[in-house]
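Small disclaimer: the values here were computed from a predicted structure and weren't measured. Keep in mind that the numbers below use all heavy atoms, side chains included, and drop hydrogens, waters and symmetry copies.
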Amino acid sequence: MSGKSPEKEKTKQSVKQVFSNNFYFLGLMFKSSPAFVIHQSLDSIRGQISIFCEHTLLIGYVIEAAEFGYPFRKVGAIILLVAALITLGMVYTVWAGDYITPRESPKIRKKIKMMLYEKAKSVDLACYDDPEFYNEQVLAISEVDNQIDRVINFVKSVLSGLTVFITRGVFFLIKDPLSILFVTVSFVASFIFEQLYNKQNYKVKIESLPHSRKRDYIKRIYYLSDYAKEIRLNPDISDVLEKRFDEANDEVYRVEKKYAFRKWFFGFMKRYVSNAMISDVIFISYLVYQAAVVGRLSFSSVAILFASFGGLKEGMRIFSETYPFACETSLYIGKIRKFMSYEPSIVSEEGLVPDKSPKEIELENVSFAYGSSEDMLLKDINLHIKPGEKTALVGYNGAGKTTLVKLLMRLYDVKSGEIRADGRDIRRYDVAGYRDTIGTVFQDFKISGGTVKENVILDVPENADEDKVRRALTDSGLIGRVDRFEKGLETPLTNEFEKDGVNLSGGEAQKLAVARVFYKDAGLMILDEPSSALDPIAEYQLNHAMLTATGDKTVVFISHRLSTTRTADRIIMLEDGRIAEQGTHDELLALGGKYARMWKVQAGAYIAV
């Protein structure tokens, strides 16, 4: 049995893994913009060569010329030549930094983010039920910009460090080979303590992430308009939120405190002991001894070696700091890479293409539970929905109604049994093609910050059929309101991005969501509480209009208000994950069972409808 903690196992990486992750991400960046990567790399090399020529060779030459009396004309010519070369190099730096970088950097960020967004679209809905996977998905998407910056900084550090190491290393070997020993000792110590320090940083971020997310959630509540009314009408909720914020903040503080001493100690060892003390105390003492006592070095050599040692020390950070930096970067890229390599379990087994005619749906011994739970939420469901049939699902909260329609849409796969559409197991169909034949409205639908037209078609405006959009809005009962808008179908919704944006009421927003179903050419329509924000009369009228407008389409809808289910061809009463009763409204009332009792409870509110 391993004695290593889970945290240590998560941060342990081989050298091969570190470089593999960094160069994997660099490869993505290079494919997105070769010019950005090439020019950033060349400029990092040019910069160090320029610094070496100016600060080491030129200054050393000038000091030596003063000490040994070189001719002024010769010294002046050398200075002008080096100055001209440095000026040309700076022109290139400005061009690469002010022209190439602003033009090419957005390409990289867009390309990689789009790859992540495309992957997020394919992730199984079940993954959102797994907190660990969801945390890693949030981390992967939120860290993209940081890791782009870190990887290019890693490449620049490697190239500039190698340039420094080669140029100054050769210079030191020529002037005083023993000086390399001091650099080596500084490098080894810095390497060890930098790596230890970065691991503590990573642990702090990972362990505090769930608590930081809680803090961010509470922060959003105070600035998002969705919660503004609740906060003002229920001011005492602020006490609860502030308590939870304090608790989350205390947890973040606890994690910070847990690693504080180790971070301080490793930071002190890497910043002072491994660097400043060796170079600024021990090495300078050695140089003075060699010049004043032994007489092996000139004073101009002492000056330039001491000045160059700082540069060589910086160059050695390719090993002492850049590698640990790459290790930390690799840990995050590993999360991104893991997310990108995720393979959904809901796949197209045969890739059959379904048609969009009214669907025949059959469920045979269907059972389902979320995650790895053995407690089935749906149990041995058997159901046959004929093409064009209007079926209502009713039952108390938790009966399994929404779960059942999620299975019909294949957002989840059944644990046992089979769901067939038009006689074929839905797993045999192409996933995207199958879902495209289904029109849906959920009770937690979202209105996007786009135009009315875009919110109906859920596509780019160029693909819109405006006549069809208007018919959909007419069928949902919203066209009158839209026609009163100054910009009609082009009216922006929500004022988050547009000053003249319109915020629809709850009922109007639901009618807009219903219009999406009418616009889509679907063989199966699924409506999960599509009119819950409406008053009973308006809900009845909308549901009646919907059932009429759907024509011969197969419809499955959920409603807690039984007045809206009366016109359904068949009503399915679910209880505890099983079909308790089924039949028409009149048949179920005559049966006198669970549905009848539920109807009697609601009858007072709806009997006059």
- Stepwise side-chain contact (heavy atoms from CB on, under 4.5 Å) check, L85 with E54: CA-CA 10 Å; L85 293 174; E54 181 181 359; over 6 Å; no
Rounded to the nearest 0.5 Å, what separates atom [atom1] in [X] from atom [atom2] in [Y]?
| X | Y | atom1 | atom2 | result |
| --- | --- | --- | --- | --- |
| I438 | I526 | CD1 | CD1 | 5.0 Å |
| R424 | L352 | CZ | CG | 5.5 Å |
| S367 | L407 | OG | CG | 10.0 Å |
| E247 | I218 | CD | CD1 | 8.5 Å |
| I45 | L162 | CD1 | CG | 8.5 Å |
| D425 | E350 | CG | CD | 9.0 Å |

Short question: side chain of [X], backbone of [Y] - any donor-acceptor pair under 3.5 Å?
| X | Y | result |
| --- | --- | --- |
| Q200 | L196 | yes |
| S341 | R337 | yes |
| T101 | D98 | no |
| K111 | M29 | no |
| R215 | A248 | no |
| D124 | S345 | yes |
| K119 | M340 | yes |
| S44 | S41 | yes |
| R427 | E418 | no |
| R410 | R435 | no |

- Task: Using a cut-off of 6.0 Å, state whether more than 12 heavy atoms not belonging to R244 lie near its atom CZ.
- Result: no
- Query: Should we say atom OH of Y222 is surrounded by more than 12 heavy atoms from elsewhere, each under 6.0 Å from it?
  - Reply: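 Counting neighbours around OH of Y222, more than 12 heavy atoms of other residues, nucleotides or ligands fall under 6.0 Å, so yes.
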Just wondering, do [Y] and [X] contact through their side chains at under 4.5 Å, heavy atoms?
| X | Y | answer |
| --- | --- | --- |
| D528 | T440 | no |
| I333 | V151 | yes |
| I100 | R103 | yes |
| T322 | K156 | no |
| L241 | F245 | no |
| I38 | F30 | yes |
| M409 | L524 | no |
| F19 | Y323 | yes |

Without hydrogens or angle criteria, can the side chains of [X] and [Y] be said to hold a donor-acceptor pair below 3.5 Å?
| X | Y | value |
| --- | --- | --- |
| S33 | E104 | yes |
| T93 | D43 | yes |
| Y412 | T403 | no |

- Between E328 and K205, is the closest basic N to carboxylate O distance under 4.0 Å? no
- Ion pair K214/E251, N-O distance below 4.0 Å: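 No salt bridge links K214 with E251.
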Looking at every heavy atom in both [X] and [Y], which two are closest together, and how far apart are they?
| X | Y | result |
| --- | --- | --- |
| I152 | V37 | CD1-CA, 4.4 Å |
| P354 | T437 | CG-CG2, 3.8 Å |
| V431 | I346 | CG2-O, 3.9 Å |
| S330 | V18 | OG-CA, 3.5 Å |
| T163 | T167 | O-OG1, 2.8 Å |
| V123 | Y342 | CA-CE2, 3.9 Å |

- Task: Assign the ring pair F261 / W264 to parallel, tilted or perpendicular, where the plane angle (0 to 90°) is split at 30° and 60°.
- Result: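 The rings of F261 and W264 sit tilted, inter-plane angle from 30° to 60°.
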- If the plane angle is over 60° it's perpendicular, under 30° parallel, otherwise tilted; pick one for F182 and Y286.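 Plane angle between 30° and 60°, so tilted.
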- Message: Which residue in the set W95, Y92, Y99 passes side chain to side chain donor-acceptor pair (under 3.5 Å) when paired with H39?
- Response: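 Testing each of W95, Y92, Y99 against H39, the sole residue satisfying side chain to side chain donor-acceptor pair (under 3.5 Å) is Y92.
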- Show your working on side-chain contact (heavy atoms from CB on, under 4.5 Å) between Y117 and I141 and close with a plain yes or no. CA-CA 8 Å; Y117 297 159; I141 295 177; 4.2 Å; yes
- Message: Is the distance from the ring center of F268 to that of F193 below 6.0 Å?
- Response: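 Judged by ring-centre distance (under 6.0 Å), F268 and F193 do not meet the cut-off.
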- Give the intermediate values and the outcome of side-chain contact (heavy atoms from CB on, under 4.5 Å) for residues V158 and F154. CA-CA 6 Å; V158 168; F154 164 66; 3.5 Å; yes
- Message: Does C327 form a side-chain contact (heavy atoms from CB on, under 4.5 Å) with Q195? I'd like the steps, not just the answer.
- Response: CA-CA 8 Å; C327 289; Q195 192 171 28; 4.0 Å; yes
- Cationic tip of R150 within the cone over F25's six-membered ring, i.e. under 6.0 Å and within 45° of the normal?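 No, R150 does not lie over the aromatic ring of F25.
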